[in-house]
Q: 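I'd like to ask some things about the structure below.
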Amino acid sequence: MTQSYYVVVIGAGHAGCEASLACARMGLETLLLTLNLDSIGLMPCNPAIGGTGKGHLVREIDAMGGEMGLAADDTLIQIRMLNTGKGPAVHSLRAQMDKRRYHERMKRALEECDGLTILQDEAERFLTENGKISGVVTAEGFTFRCRAVVVATGVYLKSRILIGDFAKNSGPAGLGRAEGLSDGLSALGVPLQRFKTGTPSRVDGHSLDYSEMEPQFGDVPMPAFSFLNGRLDREQDKCWLTYTNAETHKIILDNLHRSPMYSGKIHATGTRYCPSIEDKIVRFADKDRHQIFIEPEGRTTHEMYVQGLSTSLPADVQIAMVRTLPGLRNARVMRLGYAIEYDCIDPTALDLTFMVKGVPGLFMAGQVNGSSGYEEAAAQGFFAGVNAALYVKEEAPFLLGRDEAYIGVLVDDLSTKGTPEPYRMMTSRCEYRLLLRQDNADARLTEKARRLGLISERRWRALNEKQEEVARALAAAEKNVPPDERLRAYLSSIGETLPQHGAKLFDLMKRPNVSYTALSAVYEELPVLTDAAREQIEILAHYDGYIEKQREQVERAKRMENMLLPDGIDYQTIDGLRLEARQKLNKQRPMNLGQASRISGVSPADISVLMIHLKRLEHKGEAE
């Protein structure tokens with residue numbers, strides 16, 4: 001029972017889907033192994049895509065030819081742009097999905113992809129030859145020879161469900177767990193850790209009183225995740241907002257000892273940025289209420305997701321707690337919330353391509369790397385899949401810097417800094433976020449992905465048309481206009497003062513009350529633009545000085561990123577390095593000085609020592 005593929009991808013969640021599609025689309029015969037065909041693209045927690053920081057990741061995946069954005073656009077039932085009251089750097093799309101339709105849409109994309117085979121089976125162990133990955137052995141007796149493996153097992157490695165005193169060895173949503181692969185990874189020297197996440201209960205929408213809750217509407221006109229789709233046009237479903245209260249909090253506090261988190265039954269590390277309701281009540285004791293969103297799971301079900309009420313409290317406490325919420329006094333609970341703990345790896349075992357150091361051909365992606373969230377998983381899956389394909393082809397790896405993409409920040413954070421708790425992408429993690437906006441992901445990344453063969457002619461043409469529009473408008477905006485009556489009338493109508501000596505049209509757009517659309521109505525020299533091109537022009541004008549400062553910061557940082565550290569360097573022998581720095585550097589083997597500077601325990605003084613050492617090596621090489 002032996003077959004051969006170039007790449008085997010283990011797991012068909014959001015990471016595995018993107019990884020397998022990337023490998024197959026790059027021309028490699030690829031096998032996707034999944035514990036259950038019905039869990040492909042599953043959303044066991046909130047059926048939503050995007051959010052602050054996460055929406056950036058979806059746009060970047062889409063810009064490089066990934067599938068998540070297109071699948072989300074096809075199956076969403078509501079979409080909103082978050083943070084519109086703030087600057088464009090933190091604008092992020094978030095959409096409520098039809099959970100079942102998203103699974104079906106992603107499964108169909110996999111089934112219709114040339115060169116991709118899907119099989120329901122459990123991977124148990126790895127095969128190696130000369131220290132390199134050479135195959136995968138499954139529980140059902142198959143041996144699949146391959147040159148690379150992408151492990152994208154999510155939260156399924158020896159996972160355990162906990163609800164009060166009840167515990168069960170199980171994957172999420174009642175699915176089976178992966179029994180043997182943790183041991184397979186350990187046998188290869190991959191360090192493991194134990195994390196925990198959770199989910200709230202689901203309630204029957206027919207049992208709710210919506211008059212007691214605040215409706216939450218989607219945006220009109222409807223934006224889209226994919227750069228191929230422009231505006232969407234369809235009916236949107238409502239979500240609803242309610243709040244916890246003193247009665248809710250009392251029930252939780254009275255039963256805190258029955259929560260596995262507080263009784264000692266859970267030893268794994270939980271997520272800081274998506275805490276359980278028990279944790280929120282304890283950590284934020286000064287707050288008298290917390291927001292709870294009631295969100296539909298799809299259009300073919302009445303199940304409603306109770307966002308903000310993640311819990312592992314016993315069944316009786318969960319039901320009583322839910323029924324204290326306005327609008328949910330008579331709620332019928334259809335599924336209980338639960339905590340799930342699982343094995344994942346220490347991501348500092350990975351290099352900047354997401355390949356395990358010391359195990360050529362073994363790549364890791366998604367929640368098994370210690371992250372949380374569908375979007376983070378999909379981004380890692382795409383990145384690891386591309387690099388697995390390039391590894392097989394013996395081509396240079398695909399790298400993204402912190403100044404190039406949120407995906408670059410995600411990869412660097414995990415592989416360089418590691419994570420002591422489930423990692424979540426946020427805009428605050430990105431030091432160059434004004435350059436890495438979600439609106440310009442195509443301009444930043446599509447050309448890079450075209451070199452990989454992942455960009456269709458349609459997508460390439462759409463980018464070029466947008467870029468040409470922007471270039472024409474910028475050229476036209478260089479025109480100087482005099483302080484005549486036409487300009488006076490326009491500026492006076494919006495409460496702006498007239499420049500004494502006139503100004504360039506581009507400089508006029510730097511004023512907060514001046515929009516491209518209004519200015520083009522006054523000056524015909526400015527061409528009519530699509531929404532996407534107009535948005536780019538206005539952002540470039542309004543934030544021109546700040547964008548230039550960030551570009552200067554990037555150039556300074558690149559000097560360190562360009563100082564490569566030799567592969568065979570022994571940090572124990574470098575005089576002047578502190579002991580902790582020597583140990584951390586020898587363990588993590590950074591590729592360059594910039595990466596070394598971001599390792600916890602490596603100080604600025606250690607970096608200065610390394611710089612001196614590199615200069616000595618350079619002078620020695622010149623002398624020889």
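Keep in mind that the numbers below use all heavy atoms, side chains included, and drop hydrogens, waters and symmetry copies. Residues: numbered from 1 along the sequence shown.
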Q: Does Asp98 come within less than 4.0 Å of Arg299, counting only side-chain N to carboxylate O?
A: no

Q: Would Leu181 and Val151 count as a side-chain contact (heavy atoms from CB on, under 4.5 Å) here? Give the steps.
A: CA-CA 10 Å; Leu181 211 59; Val151 179; 4.3 Å; yes

Q: Could Arg444 and Glu404 be called an ion pair, given the rule that one side-chain N must be under 4.0 Å from one carboxylate O?
A: no

Q: Specify whether Tyr342 and Phe195 have parallel, tilted or perpendicular ring planes, treating 30° as the upper limit for parallel and 60° as the lower limit for perpendicular.
A: perpendicular

Q: Taking only Lys NZ, Arg NE, NH1 and NH2, and the carboxylate oxygens of Asp or Glu, determine whether Asp209 and Arg329 approach each other closer than 4.0 Å.
A: no

Q: Ring of Tyr423, cation from Arg429 - is the NZ or CZ under 6.0 Å from the centre and inside 45° of the axis?
A: yes

Q: Any donor-acceptor pair under 3.5 Å linking the side chain of Glu538 with the backbone of Tyr516?
A: yes

Q: Is the number of heavy atoms from other residues, nucleotides or ligands under 6.0 Å of Arg231 CZ greater than 12?
A: yes

Q: Apply ring pair (Phe, Tyr, Trp, His ring centres under 6.0 Å) to Phe382 and list each qualifying residue two or more places apart in sequence or on a separate chain.
A: none

Q: Give me the ring orientation class for Phe383 and Phe354: parallel if the planes are under 30° apart, tilted from 30 to 60°, perpendicular past 60°.
A: perpendicular

Q: Establish, yes or no, whether the cationic atom of Arg289 lies under 6.0 Å from the six-membered ring centre of Tyr243 and within 45° of the ring axis.
A: yes

Q: Say whether, by atom type as modelled, one donor and one acceptor occur between the side chain of Glu535 and the main chain of Asp531 under 3.5 angstrom.
A: no

Q: May I ask you to say whether Glu297 pairs ionically with Arg100, meaning some side-chain N is under 4.0 Å from a carboxylate O?
A: no

Q: Does Tyr210 have any ring pair (Phe, Tyr, Trp, His ring centres under 6.0 Å) partners at least two apart in sequence or in another chain, and if so, which?
A: Trp240

Q: Show your working on side-chain hydrogen bond (donor to acceptor under 3.5 Å, both in side chains) between His56 and Thr427 and close with a plain yes or no.
A: CA-CA 9 Å; His56 290 71; Thr427 55; over 6 Å; no

Q: Under 3.5 Å, which donor-acceptor pairs do the side chains of residues 216-230 form with other protein atoms, sequence neighbours left out?
A:
from, atom 1, to, atom 2, distance (Å)
Asp219, OD2, Met81, N, 2.7
Ser226, OG, Asp62, OD1, 2.8
Ser226, OG, Asp62, OD2, 3.3
Ser226, OG, Leu228, N, 3.1
Asn229, ND2, Asp73, OD2, 2.8

